[in-house]
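Taking it in order: structure first as structure tokens, then the write-up.
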Amino acid sequence: MARYELVKRSVALITLTNPPVNALSSAVRHGIAKTMERALSDPKVTAVVICGENGRFCGGADIREFAGPLRGPPLVPLLDSIEAGEKPVVAAIEGVALGGGLELALFCHYRIAHFKARLGLPEVTLGILPAAGGTQRLPRLIGIPAALELITTGRHVSAQEALKLGIVDQVTEQNACEVAVEFALRAVAKPLSSRRLSSLTTPCPPNLDALLEAVTMQIQKKARGVMAPLACVQAVRAAATMPYSQGIKRESELMATLFNSGQARALQYCFFAERTAGKWTLPSGAQWNDIKPREIRSAAVIGLGTMGRGIAVSLARVGIPVIAVESDKKLLETGRQMVIGMLERDAKRRGVSASHNLLKFTLGLQDLKDVDLVIEAVFEDMALKKSVFRELSKVCRPATLFCTNTSGLDVDALAGVTDRPQLVIGMHFFSPAHVMKLLEVVCGPRSSSEIVATAMSLGKRMGKVSVAVGNCPGFVGNRMLKPYSDQATFLLEEGATPEQIDKALEDFGFAMGVFRMSDLAGLDVGWRVRKESGLTGPDVDPKNPPRRRQGRKYCPIPDMVCEQGRFGQKTGRGWYMYDKPGGTKAKPDPLIQNLIEMYRNRYGIQPRNITDQEIIERCLFALANEGFRILEDGIAARPEDIDVIYLFGYGFPRHRGGPMFYASMVGLQRVLERLEHYHQAHPDVPHLEPSPLLKKLVACGSPPVQKWREHIKTMHSHL
Ligand code: 3HC
Ligand code: NAI
């Protein structure tokens with residue numbers, strides 16, 4: 001796992017060989033120990049270079065080993081011997097030096113980076129801290145403010161920035177290993193004492209306390225309830241205020257508090273879940289690694305509204321020529337200006353030039369005859385979408401792939417009106433489409449494996465986290481959202497306020513509670529859907545008992561809010577009030593309180609005191625319960641897929657791992673008991689009735705989330 005060679009007669013070249021990222025597994029640590037010992041004891045060797053195989057220095061500790069007991073040599077004593085040696089050791093950094101990888105480089109006396117390399121201490125994103133000396137050595141090297149920022153955010157820096165900060169000694173466009181060998185030869189005669197970071201004093205700013213306080217407050221505001229960044233601040237404080245030997249002890253004490261925490265487990269689960277999500281399998285057996293996606297050289301977007309604009313930008317910025325279509329001249333011109341403005345702002349932010357020449361705007365579908373792929377983003381109206389797809393079948397060449405960005409309509413029904421149902425798929429983007437990372441790829445029963453592969457690969461090319469899901473109303477994300485938001489409105493009826501519910505959810509970790517989020521998205525969208533499905537409006541059967549629709553409990557408060565023209569932020573009024581239309585600062589509105597009170601009086605509802613615990617349990621257990629049904633129905637292949645959808649599309653707090661992981665951490669037995677309890681109290685709310693899969697998993701001893709698949713029937717798979 002670490003190869004040893006003698007080069008230029010006197011330089012020991014140690015290459016880490018643990019593909020794909022040369023993670024510091026126990027075998028690699030053994031390898032480093034053995035090869036370093038050999039290099040330091042061989043009198044022929046005057047200097048050492050450490051590099052990684054396949055152009056990647058090292059991706060850090062092997063995260064997969066965190067779940068088990070520590071095996072192999074511990075990292076810090078091993079790295080101490082590198083620093084303490086009398087022969088210069090140079091790290092040749094290509095690709096990445098992340099986490100323990102960068103810490104290894106910080107124990108070396110010199111660091112040479114290839115100009116394309118990225119460096120960083122991303123441990124905080126895994127719920128831990130850089131515990132191989134990173135929190136003590138980086139501040140000594142680059143000072144407290146810069147080290148604090150890198151360690152508390154986990155941000156990766158480019159080689160150029162690393163040079164500017166003083167993390168590396170040289171950046172090269174040539175082979176970093178060869179450059180490092182030459183560098184090492186020149187370093188042989190030089191004294192090493194000033195190159196040993198452990199012997200340096202941390203350069204300390206005069207306002208240390210104020211700086212640490214400000215960063216702590218910033219973290220508490222941005223990452224409410226997240227432990228690791230706060231522990232990182234404490235570790236960096238130790239680097240500033242303690243000698244190295246004590247600081248390193250403090251670092252390891254703080255790591256001990258984080259290492260086995262639920263947050264660390266959740267964040268590490270997220271790391272792997274994100275990577276698992278791209279690995280789709282269809283009932284036919286076709287899967288991600290054996291189907292070749294089609295190359296997409298041109299695309300079209302139909303409808304330049306909220307979604308179409310962002311989708312056009314997402315395609316153009318990765319170099320795909322786009323033809324954008326609108327329904328009339330004025331809308332086309334507005335859409336054109338918006339798309340170009342968005343593309344320019346995006347390019348400016350990324351420091352590249354905007355790719356205007358890739359965009360064409362037209363009113364005629366006939367201009368799409370030669371494109372490789374079309375993404376339809378017109379209004380959420382089945383008849384309209386069908387007419388668009390009928391028309392497309394006539395004008396596009398037979399090989400063109402058809403995608404719909406519907407947020408919940410039947411993808412197969414749309415496929416059915418085309419001349420190529422096997423080439424039709426859903427690509428469900430999230431708003432704003434050029435910003436949000438999630439893409440649900442909705443596979444209809446007739447979608448071919450080739451189109452699934454192509455949509456997944458196009459999503460990846462656009463920088464999205466793509467998840468393949470089955471076709472059902474609302475797919476995965478929006479289907480689960482319904483029980484979650486229904487619970488929130490039922491809690492309003494029973495005695496809670498929008499701000500109490502939002503606060504409980506935000507304290508849990510959501511960036512926004514359900515009501516603030518609805519105000520942001522626009523309340524009219526859901527109102528229109530409810531009217532179309534006969535839940536409210538003139539089509540409702542007057543014989544319906546109040547507060548019941550279609551045989552189940554229904555809360556009309558959201559409709560009453562919309563009837564007053566309160567559509568959320570865009571109208572300056574919604575569940576909250578805002579200083580102006582488009583304002584973002586939400587203030588509780590006494591009118592909403594009155595509306596809810598009048599409603600309760602009308603139906604004789606006695607408000608009761610509702611605890612935050614009840615809010616969390618009712619909203620989140622109902623959410624997870626629907627997730628279990630989705631797994632049962634074969635709409636999602638794995639709990640990881642559901643969690644990834646909620647993390648990237650719905651702002652579920654990452655340190656909780658996603659709704660399914662959260663349920664497993666609470667304990668499936670407890671989730672089952674609480675759902676049974678709430679269902680007994682609300683028998684007319686089917687979403688609270690525990691799903692058969694949840695019951696089955698509990699009966700099987702509540703296996704960990706990674707093992708649920710073994711208990712899920714696959715015969716119903718829609719994927
Ligand atoms: N440990 C174990 N497996 C790892 C790993 C690691 N540190 N880093 C990546 N992998 C695995 C991935 O799970 C994936 O496995 P798969 O093929 O089975 O799905 C494979 O390596 C390739 O990874 P990516 O798909 O992410 O490849 P990319 O090329 O897109 O990205 C990367 C490469 C930037 C290195 C990215 O993998 C990454 O960010 N890795 C994690 C880096 C990190 O957080 N390091 C800190 C670890 S904790 C630590 O070092 C503690 C220390 O302080 C003691
Ligand atoms: P929107 O109302 O903002 O835009 C729709 C656009 O389509 C309008 O500009 C309209 O002029 C245009 N259009 C209508 N008929 C057309 C035709 N025949 N030819 C060309 N253009 C036509 O709607 P939005 O929000 O962009 O939604 C579009 C689709 O995306 C819907 O299916 C919606 O459900 C879905 N969606 C919406 C999300 C959101 O947050 N807004 C999120 C995810 C999906």
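Indexing begins at 1, ligand by ligand and atom by atom, following the structure's order. Reckoned from all heavy atoms, side chains included, excluding hydrogens, waters and symmetry mates.
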Atom of Phe389, atom of Cys403 and distance for their closest heavy-atom approach | CZ-O, 3.7 Å
Nearest-contact summary for atom 42 (C) of ligand 1 - protein heavy atom, Å = Gly59 O, 3.4 Å
Compute the minimum heavy-atom distance from Gly134 to ligand 1 and say whether it is under 4.0 Å.
-> no
Can a salt bridge be assigned to the pair Lys394 and Glu391 using a cut-off of 4.0 Å between side-chain N and carboxylate O?
-> yes
Do protein heavy atoms approach atom 21 (O) of ligand 1 to less than 4.0 Å?
-> yes
Flag for Glu376-Thr404: side-chain donor and acceptor within less than 3.5 Å = yes
Which of the atoms of ligand 1 are close to Arg118, meaning less than 4.0 Å from one of its heavy atoms?
-> 34 (C)
Could you tell me whether ligand 1 has any atom less than 4.0 Å away from a heavy atom of Lys279?
-> yes
Contact between Phe379 and ligand 2, counting heavy atoms under 4.0 Å?
-> yes
At under 4.0 Å between heavy atoms, which part of Ile63 makes contact with ligand 1: side chain, backbone, both or neither?
-> both
Could you point out which residue of Phe652, Phe648, Tyr646 forms a ring pair (Phe, Tyr, Trp, His ring centres under 6.0 Å) with Tyr650?
-> Tyr646
Just which atoms of ligand 2 are under 4.0 Å from any heavy atom in Thr406?
-> 32 (O)
Measure from atom 39 (O) of ligand 1 to every heavy atom in Leu104, Thr125, Leu98, Thr135 and give the option owning the shortest one.
-> Leu98
Closest protein heavy atom (residue, atom, distance) for atom 11 (O) of ligand 2 | Glu326 OE1, 2.8 Å
What atoms of ligand 1 come closer than 4.0 angstrom to any heavy atom of Pro122?
-> 43 (C), 44 (O), 45 (N)
Could any protein non-hydrogen atom be found less than 4.0 Å from atom 54 (C) of ligand 1?
-> yes
For atom 40 (O) of ligand 2, which protein heavy atom lies nearest, and how many Å away is it?
-> Ser431 CB, 3.3 Å
For the residue pair Gln263 and Met227, what are the closest heavy atoms and their distance?
-> OE1-N, 2.9 Å
Have a look at ligand 1 and work out which part of Leu126, if any, has a heavy atom under 4.0 Å from it: side chain, backbone, both or neither.
-> side chain
Shortest non-hydrogen contact from Ser466 toward Gly459 = OG-CA, 3.5 Å
Among Thr276, Val21, Leu129, whose heavy atom sits nearest atom 9 (C) of ligand 1?
-> Val21
Just need the protein heavy atom nearest to atom 34 (O) of ligand 2, so name the residue and atom and give the distance.
-> Ser407 OG, 2.5 Å
Got a sec: does the CZ of Arg479 have more than 12 other heavy atoms crowding it under 6.0 Å?
-> yes
Looking at Leu331, which atoms of ligand 2 are within less than 4.0 Å of one of its heavy atoms?
-> 11 (O)
Are Phe57 and Leu104 close enough, and set up right, to give a side-chain contact (heavy atoms from CB on, under 4.5 Å), and what steps lead you there?
-> CA-CA 10 Å; Phe57 181 69; Leu104 161 64; 3.9 Å; yes
Minimal non-hydrogen separation, Val514 against Ser485, with atom names = CG2-CB, 3.9 Å
Minimal non-hydrogen separation, Ile291 against Ala453, with atom names = CG2-CB, 3.7 Å
Which ligand 1 atoms does Pro20 reach within 4.0 Å, using its non-hydrogen atoms?
-> 20 (C), 21 (O), 22 (C)
Going by the order shown, which atoms of ligand 1 are within less than 4.0 Å of some heavy atom of Arg56?
-> 28 (P), 29 (O), 33 (C)
For Val417 and Ser393, work out which heavy atoms get closest and say how close.
-> O-OG, 4.2 Å
Lys385 heavy atoms, cut-off 4.0 Å: which ligand 2 atoms fall inside?
-> 31 (C), 32 (O)
Any salt bridge between Asp367 and Lys360, counting N to O under 4.0 Å?
-> no
Quick one: does Gly99 get an N or O within less than 3.5 Å of an N or O on ligand 1?
-> no
Closest protein heavy atom to atom 15 (N) of ligand 2, given as residue, atom name and distance to 0.1 Å | Leu384 CD2, 3.6 Å
Check each heavy atom of Phe430 against ligand 2 and say whether those closer than 4.0 Å belong to the side chain, the backbone, both or neither.
-> neither
Selected option - heavy-atom contact closest to atom 51 (C) of ligand 1, from Glu123, Lys460, Met255 | Glu123
Which ligand 1 atoms does Phe272 reach within 4.0 Å, using its non-hydrogen atoms?
-> 13 (O)
Compute whether any side-chain donor of one residue and acceptor of the other, for His428 and Glu440, lie under 3.5 angstrom apart.
-> yes
If you measure every N/O of Ala61 against every N/O of ligand 1, is any gap under 3.5 Å?
-> yes
Is Val96 in polar range of ligand 1, meaning some N or O pair under 3.5 Å apart?
-> no
Numbering as shown, the atoms of ligand 2 that approach His428 to under 4.0 Å (heavy-atom distance) | 43 (C), 44 (C)
Closest protein heavy atom (residue, atom, distance) for atom 35 (C) of ligand 2 | Asn405 O, 3.2 Å
Atom 16 (C) of ligand 2 - nearest protein heavy atom and its distance | Val378 CG1, 3.5 Å
Indicate whether any N or O donor in one side chain lies under 3.5 Å from an N or O acceptor in the other, for Thr135 and Glu251.
-> yes
The atoms of ligand 1 lying under 4.0 Å from a heavy atom of Gly60, numbered in the order shown, are 50 (O)
Can you tell which of Arg654, Lys460, Lys437, Lys464 makes a salt bridge (charged side-chain N to carboxylate O under 4.0 Å, His left out) with Glu274?
-> Arg654
Mark up the atoms of ligand 1 that fall under 4.0 Å of a heavy atom belonging to Ala131, in ascending order.
-> 53 (O)
Quick one: does ligand 2 sit under 4.0 Å from the side chain of Leu409, the backbone, both or neither, non-hydrogen atoms only?
-> neither
heavy-atom search around atom 38 (C) of ligand 1 in the protein gives Phe271 CE1, 4.0 Å
Val301, Thr306, Leu304: member with heavy atom nearest to atom 25 (O) of ligand 2 | Thr306
Can you tell me the protein heavy atom closest to atom 27 (O) of ligand 2 and the distance?
-> Met307 CG, 3.9 Å
By number and element, which atoms of ligand 2 are closer than 4.0 Å to a non-hydrogen atom of Ile302?
-> 19 (N), 20 (C)
When you measure from atom 50 (O) of ligand 1 to each heavy atom in Pro130, Gly100, Gly120, Gly133, which option holds the nearest one?
-> Gly100
Of His156, Gln268, Glu251, Arg275, the one whose closest heavy atom lies nearest atom 14 (C) of ligand 1 is Arg275
Going by the atom numbers of ligand 1, which of them fall below 4.0 Å from some non-hydrogen atom of Glu103?
-> 52 (C), 53 (O), 54 (C)
For atom 2 (C) of ligand 1, closest protein heavy-atom neighbour | Asp62 OD1, 3.2 Å
Ignoring hydrogens, tell whether any protein atom lies closer than 4.0 Å to atom 23 (O) of ligand 2; use the non-hydrogen atoms only.
-> no
Please state which protein non-hydrogen atom is closest to atom 15 (O) of ligand 1 and give its distance, to 0.1 Å?
-> Arg64 NH2, 3.7 Å
Nearest-neighbour protein heavy atom for atom 4 (O) of ligand 2, which is reported as residue plus atom name and distance = Gly305 CA, 3.2 Å
